[in-house]
Amino acid sequence: PTECFLSQPEEKQESTVKAKKRKKKKISDVLQKSAPKPGVPADLQNLLTQHFGQNRSVIELEELQLSDSCFLPANDLTHSFSSYLKEICPKWAKLRRTHKEKKSVVMLVLCSSALRSLELIKSMTAFKGDCRVLKLFAKHIKIKEQMNMLEKGVFHIGVGTPGRVKALVEQDALCLNSTKYMILDWNWRDQKLRRMMDIPEV
């Protein structure tokens, strides 16, 4: 009987330890409980201030402030990608016809990965019509190929990752003077449940 009595409290201790281990919160649990929110201009402004706040002067930070008139309404999560683009850009057909510049695009869509870029290109078929879309990501496409394509042809929409777009802009292969719309794929999360803005490199 004493042996049984001694082993009982030990079992209790083990079970309490196990219970404590289970209580860790995962980001997926938090996301399941919280509904996705559409992005607002303040989100981007806060992100810029956080990122540049430590190594920029007050005047430089003021220059980074974008007025609300720079932003179009965000997707309120009731639209498909094509219907959202139609809403924010009702005169797309005219813009598409008048765009003749090489090395530039009228609309630039930024997302976190090559696979997500391909998804968005497929989902904008109803909006884009017969305009030309350029893939601006690193997976299976060399930067020289993209530079040649931009030099030789006229493209209306560019869809890609921030890293590759930055590299093309820095090498003067992509000019942003005729870019009228820049769309950020704000809410989408990858397998690790990170949004594009959660990735430190971005």
Side-chain angles (χ1 to χ4, degrees), residues 31-51 64-137 146 149-150 153-166 168-169 174-191 193-199 202:
L31 290 172
Q32 277 171 357
K33 287 174 187 172
S34 64
K37 287 185 284 186
V40 291
D43 291 340
L44 187 62
Q45 292 290 10
N46 294 338
L47 207 88
L48 287 170
T49 315
Q50 278 173 25
H51 183 73
L64 283 172
Q65 288 294 316
L66 298 164
S67 66
D68 282 352
S69 61
C70 295
F71 294 91
L72 289 160
N75 186 348
D76 58 4
L77 311 177
T78 58
H79 285 283
S80 70
F81 190 47
S82 275
S83 69
Y84 170 65
L85 293 177
K86 280 178 186 173
E87 188 179 280
I88 61 163
C89 185
K91 295 180 180 175
W92 175 249
K94 188 182 176 184
L95 280 170
R96 191 179 75 207
R97 277 196 305 273
T98 53
H99 178 65
K100 305 286 182 201
E101 262 185 79
K102 289 177 182 178
K103 292 173 75 172
S104 71
V105 290
V106 182
M107 185 180 284
L108 188 59
V109 183
L110 291 178
C111 37
S112 57
S113 70
L115 289 171
R116 178 62 178 163
S117 300
L118 293 170
E119 261 178 55
L120 289 179
I121 290 167
K122 281 179 191 170
S123 65
M124 65 164 74
T125 44
F127 168 76
K128 68 183 173 79
D130 60 349
C131 76
R132 296 184 75 193
V133 180
L134 184 61
K135 297 168 188 170
L136 300 172
F137 48 79
Q146 288 164 338
M149 287 167 88
L150 281 160
V154 175
F155 290 90
H156 305 90
I157 302 173
V159 184
T161 53
R164 179 48 63 94
V165 169
K166 184 187 175 204
L168 288 164
V169 170
L174 178 64
C175 174
L176 301 176
N177 291 345
S178 58
T179 301
K180 303 242 183 311
Y181 298 90
M182 188 169 95
I183 296 172
L184 303 175
D185 187 24
W186 193 264
N187 277 335
W188 186 81
R189 292 177 184 271
D190 63 12
Q191 283 181 322
L193 299 169
R194 297 178 304 178
R195 298 172 309 160
M196 175 169 67
M197 296 304 171
D198 301 329
I199 299 165
V202 173

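Residue numbers count from 1 along this sequence.
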Enquirer: Can you name the nearest heavy-atom pair linking R132 to G153, along with the distance?
Expert: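 Answer, listing the atom of R132 first, then G153: NH1-CA, 4.0 Å.
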Enquirer: For atom CE of M197, is the number of surrounding heavy atoms from other residues, nucleotides or ligands below 6.0 Å larger than 12?
Expert: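 For M197, atom CE is crowded (more than 12 foreign heavy atoms under 6.0 Å).
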Enquirer: Any side-chain heavy atom of L85 sitting closer than 4.5 Å to one from M107?
Expert: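 Yes, close enough: below the 4.5 Å cut-off.
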Enquirer: Which value, rounded to the nearest 0.5 Å, describes the distance between L108 atom CG and L184 atom CG?
Expert: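 These two atoms lie 9.0 Å from each other.
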Enquirer: Does any non-hydrogen side-chain atom of N177 lie less than 4.5 Å from one of S104?
Expert: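 No, too far: nothing below the 4.5 Å cut-off.
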Enquirer: In Å and rounded to the nearest 0.5 Å, what is the CG to NE2 distance from N46 to H51?
Expert: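 Going from CG on N46 over to NE2 on H51, the span is 14.5 Å.
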Enquirer: When you compare the side chains of S80 and S82, does any donor N or O come within less than 3.5 Å of an acceptor on the partner?
Expert: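 Distance-only check fails for S80 and S82.
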Enquirer: Name all pairs fulfilling the salt bridge (charged side-chain N to carboxylate O under 4.0 Å, His left out) condition that reach into residues 106-118, sequence neighbours left out, sorted by first residue then second.
Expert: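 Applying salt bridge (charged side-chain N to carboxylate O under 4.0 Å, His left out) to every pair that reaches into residues 106-118, excluding sequence neighbours, yields R116-E119, R116-D185.
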Enquirer: Do S123 and L120 have side-chain heavy atoms sitting under 4.5 Å apart?
Expert: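 Yes; the side chains approach each other to less than 4.5 Å.
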Enquirer: Taking T179 for its side chain and V105 for its backbone only, find out whether a donor-acceptor pair lies under 3.5 Å.
Expert: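 The answer is yes, because a donor-acceptor pair under 3.5 Å joins these two groups.
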Enquirer: Taking S83 for its side chain and H79 for its backbone only, find out whether a donor-acceptor pair lies under 3.5 Å.
Expert: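 It does not hold such a pair.
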Enquirer: Does any part of the side chain of W188, heavy atoms only, come nearer than 4.5 Å to the side chain of C111, both counted from C-beta?
Expert: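 A side-chain contact under 4.5 Å is absent here.
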Enquirer: Kindly assign one of parallel, tilted or perpendicular to the pair W92 and H156, based on the angle between their ring planes and the thresholds 30° and 60°.
Expert: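 Judged by the thresholds at 30° and 60°, the geometry between W92 and H156 is perpendicular.
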Enquirer: Show the nearest heavy-atom pair for residues T161 and A114, with the distance to one decimal.
Expert: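 So the two residues come closest at CG2-N, 4.0 Å.
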Enquirer: I want to check something: taking the side chain as every heavy atom from C-beta on, are N75 and W186 in contact at a cut-off of under 4.5 Å?
Expert: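 No, their side chains stay 4.5 Å or more apart.
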Enquirer: Donor-acceptor check, side chain of Q65 to backbone of Q45, threshold 3.5 angstrom: yes or no?
Expert: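 Not confirmed, Q65 side chain does not pair with Q45 backbone.
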Enquirer: Roughly how far, to the nearest 0.5 Å, is the CZ atom of R96 from the OG1 atom of T98?
Expert: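 That separation rounds to 10.5 Å.
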Enquirer: Where is the tightest heavy-atom contact between L64 and L48, given as atom of each residue plus distance?
Expert: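 Here L64 and L48 meet closest at O-CD1, 4.2 Å.
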Enquirer: In Å, rounded to the nearest 0.5 Å, how long is the span from OG of S112 to CD1 of I199?
Expert: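 CD1 of I199 is found 5.0 Å from OG of S112.
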Enquirer: Quick one: closest heavy-atom pair of L134 and M149, and the distance?
Expert: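 In this case the closest contact between L134 and M149 is CD1-CE, 3.7 Å.
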Enquirer: If you look at every heavy atom in R164 and Q146, which pair is closest and at what distance?
Expert: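 Heavy atoms of R164 and Q146 come nearest at NH1-OE1, 2.6 Å.
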Enquirer: Is the shortest side-chain heavy-atom distance between L136 and F155 below 4.5 Å?
Expert: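 L136 does not reach F155 side chain to side chain.
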Enquirer: Provide the closest heavy-atom pair for F137 versus L118 in the form atom of the first, atom of the second, distance.
Expert: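 Smallest interatomic distance, heavy atoms only, reads CZ-CD2, 4.0 Å.
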Enquirer: Roughly how far, to the nearest 0.5 Å, is the CG atom of D43 from the CZ atom of F71?
Expert: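 Taking CZ in F71 and CG in D43, the distance rounds to 9.5 Å.
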Enquirer: Quick one, D190 with S113, criterion side-chain contact (heavy atoms from CB on, under 4.5 Å). Give me CA distance, side-chain angles, the key distance, then yes/no.
Expert: CA-CA 8 Å; D190 63 12; S113 70; over 6 Å; no
Enquirer: Nearest 0.5 Å, what's the CG-CG distance between L193 and D198?
Expert: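 Answer for the CG-CG pair, L193 versus D198, is 10.0 Å.
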Enquirer: Taking the side chain as everything from C-beta on, heavy atoms only, tell me whether F81 gets closer than 4.5 Å to V109.
Expert: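 SC-SC contact between F81 and V109 confirmed.
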Enquirer: Would you say the side-chain atoms of E101 pair up with the backbone N or O of V106, donor to acceptor, closer than 3.5 Å?
Expert: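 Not at all, since once roles are kept as given, no pair shorter than 3.5 Å links the two residues.
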Enquirer: Does any part of the side chain of S178, heavy atoms only, come nearer than 4.5 Å to the side chain of H99, both counted from C-beta?
Expert: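 Counting from C-beta outward, H99 and S178 do come under 4.5 Å.
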